[in-house]
Amino acid sequence: MAQKRVTLPLTDEKVQYLKAGDRVLLSGDVYAARDTTHKRLMERIEVNEELPIQLEGEVIYYVGPTPAKPGQIIGSAGPTTSGRMDKYTPALLSRGLKGMIGKGYRNDEVKAAIQTYNAVYFAAIGGSGALLSKKIQFETIVVYEDLGPEAIRRLTINDFPVTVINDCYGNDWYEQAAEVYQKGKL
């Protein structure tokens, strides 16, 4: 598999360059958000209120980092299970979100929305929060500070390792890799 370097924010051209199975080093800014923040964003969407963050070209990392120890920028920052965000994701993609980082499978509705809105879903390696935190160079809370680790944060990442799981062409790396494995070629 190819390893690619991508600088954020994402554009349509950058998304189209990424294929399921690509190993990617991401650099730039992402939002950190997870379950409760997604619920709050959806509540605003349902009453036609403006979102507190701009989503155009952005990537959301599904993470709730632990507090930083003295001398650290951020604590452990591993991905959380993406499926918990599935019910919110199509609405956010329709508002310009271009990418998500998490772990695990996405449902069929999210996969279809990824194609419809020319987006991409990346997986980071679960259980590696301490190592991934070393790829985060800056962290600041943007909104919903009352949610503690679930507040929306702005993270500046550098060479953050991910794998493309769902690309804008409808490919699913989990399905493709399982098929190759069953044929004994992986």
Side-chain angles (χ1 to χ4, degrees), residues 6-15 18 24-68 73-104 106-107 109-124 129 132-133 135-160 162 164-166 168:
V6 173
T7 302
L8 303 171
L10 291 176
T11 61
D12 284 340
E13 293 75 24
K14 290 177 185 176
V15 168
L18 298 169
V24 182
L25 297 174
L26 293 175
S27 295
D29 289 347
V30 298
Y31 285 118
R34 48 179 294 168
D35 313 49
T36 306
T37 51
H38 277 72
K39 184 174 186 275
R40 282 194 182 177
L41 293 174
M42 184 57 71
E43 288 168 353
R44 293 182 77 124
I45 288 170
E46 288 171 352
V47 296
N48 293 318
E49 284 185 16
E50 189 172 328
L51 295 178
I53 56 173
Q54 295 297 316
L55 293 176
E56 195 67 39
E58 297 289 348
V59 173
I60 292 179
Y61 180 22
Y62 302 143
V63 61
T66 62
I73 293 168
I74 195 167
S76 182
T80 195
T81 303
S82 302
R84 293 200 306 262
M85 267 56 73
D86 279 357
K87 61 185 170 185
Y88 311 114
T89 300
L92 298 180
L93 290 171
S94 75
R95 284 158 178 79
L97 181 68
K98 281 296 198 186
M100 298 81 54
I101 303 169
K103 66 177 181 182
R106 307 310 301 261
N107 69 22
E109 185 181 0
V110 171
K111 292 180 199 177
I114 286 170
Q115 281 189 269
T116 299
Y117 299 109
N118 195 40
V120 61
Y121 169 58
F122 303 101
L132 290 172
S133 70
K135 300 295 183 178
I136 299 171
Q137 299 179 317
F138 180 76
E139 178 258 348
T140 188
I141 294 175
V142 176
V143 68
Y144 303 145
E145 187 169 2
D146 61 301
L147 295 178
E150 290 207 34
I152 295 179
R153 292 173 157 75
R154 193 77 168 159
L155 306 177
T156 301
I157 58 176
N158 184 42
D159 285 345
F160 192 91
V162 294
V164 175
I165 302 301
N166 297 107
C168 66

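- Considering all non-hydrogen atoms of both residues, Y62 and G102 come closest at CD1-CA, 3.9 Å.
- Rounded to the nearest 0.5 Å, atoms CD (E150) and CZ (R34) are 5.0 Å apart.
- The distance from the CG atom of L97 to the CD1 atom of I114 is 9.5 Å, given to the nearest 0.5 Å.
- Within 6.0 Å of the CD atom in E43, the count of heavy atoms belonging to other residues, nucleotides or ligands exceeds 12.
- The shortest side-chain heavy-atom distance between Y61 and I157 does not fall under the 4.5 Å cut-off.
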How far apart are the C-alpha atoms of E139 and I141, what are their side-chain angles, what is the distance that settles it, and do they pass the side-chain contact (heavy atoms from CB on, under 4.5 Å) test? CA-CA 7 Å; E139 178 258 348; I141 294 175; 4.3 Å; yes
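- In this structure, the separation between CG on L18 and CG on N166 is 12.5 Å, given to the nearest 0.5 Å.
- Note on residues 138-158: no pairs pass ring pair (Phe, Tyr, Trp, His ring centres under 6.0 Å), not counting sequence neighbours.
- Checking side-chain atoms of S27 against main-chain N and O of T7 turns up no donor-acceptor pair under 3.5 Å.
- In this structure, D12 and K98 have side chains that are in contact, with non-hydrogen atoms separated by less than 4.5 Å.
- Using cut-offs of 30° and 60° on the angle between ring planes, the pair Y88 and H38 is tilted.
- In terms of modelled atom types and a separation under 3.5 Å, the side chain of S76 and the main chain of T66 share no donor-acceptor contact.
- Annotation for Q137: atom CD counts as buried by contact number, over 12 foreign heavy atoms lying within 6.0 Å.
- Evaluation of the side chain to side chain contact (heavy atoms under 4.5 Å, CB included) rule for T11 yields E13, K14 as partners, not counting sequence neighbours.
- Taken to the nearest 0.5 Å, the CG atom of N118 stands 4.5 Å off from the SG atom of C168.
- To the nearest 0.5 angstrom, T89 atom OG1 is 4.0 Å from R106 atom CZ.
- In the displayed structure, E145 atom CD is contacted under 6.0 Å by at most 12 heavy atoms of other residues, nucleotides or ligands.
- Between I136 and I73 the shortest heavy-atom distance is O-CD1, 3.8 Å.
- Contact check for L8 versus D29: no side-chain heavy atoms found under the 4.5 Å cut-off.
- A donor-acceptor distance shorter than 3.5 angstrom exists from the side chain of R95 to the backbone of A91, with no hydrogens or angles considered.
- Side-chain contact between L132 and V63 is absent, with no heavy-atom pair separated by less than 4.5 Å.
- The two residues R40 and D146 come nearest to each other via the heavy atoms NH2-OD2, 2.7 Å.
- By the 4.5 Å heavy-atom criterion applied to side chains, F160 and I101 are counted as neighbours.
- In this structure, K87 and E109 have side chains that are not in contact, with every pair of non-hydrogen atoms separated by 4.5 Å or more.
- Within the 4.5 Å cutoff, side-chain heavy atoms of M100 are placed close to those of L93.
- Listed here is the closest heavy atom pair of A119 and V15: O-CG1, 3.5 Å.
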Could you give me the CA-CA distance, side-chain angles and deciding distance for E58 and I53, then say whether side-chain contact (heavy atoms from CB on, under 4.5 Å) is met? CA-CA 10 Å; E58 297 289 348; I53 56 173; over 6 Å; no
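- Remark: R153 is not positioned above the aromatic ring of Y31, lacking an NZ or CZ atom under 6.0 angstrom from the ring centre and at most 45 degrees off the axis.
- Expressed to the nearest 0.5 Å, how far CD1 of I45 lies from OG of S94 amounts to 6.5 Å.
- Residues P90 and Y117 approach most closely at O-CE1, 4.1 Å, considering heavy atoms.
- The minimum heavy-atom distance between S133 and G75, with the atom names listed, is CB-O, 3.2 Å.
- Proximity of N107 to V110: side-chain heavy atoms (C-beta onward) are separated by under 4.5 Å at one or more points.
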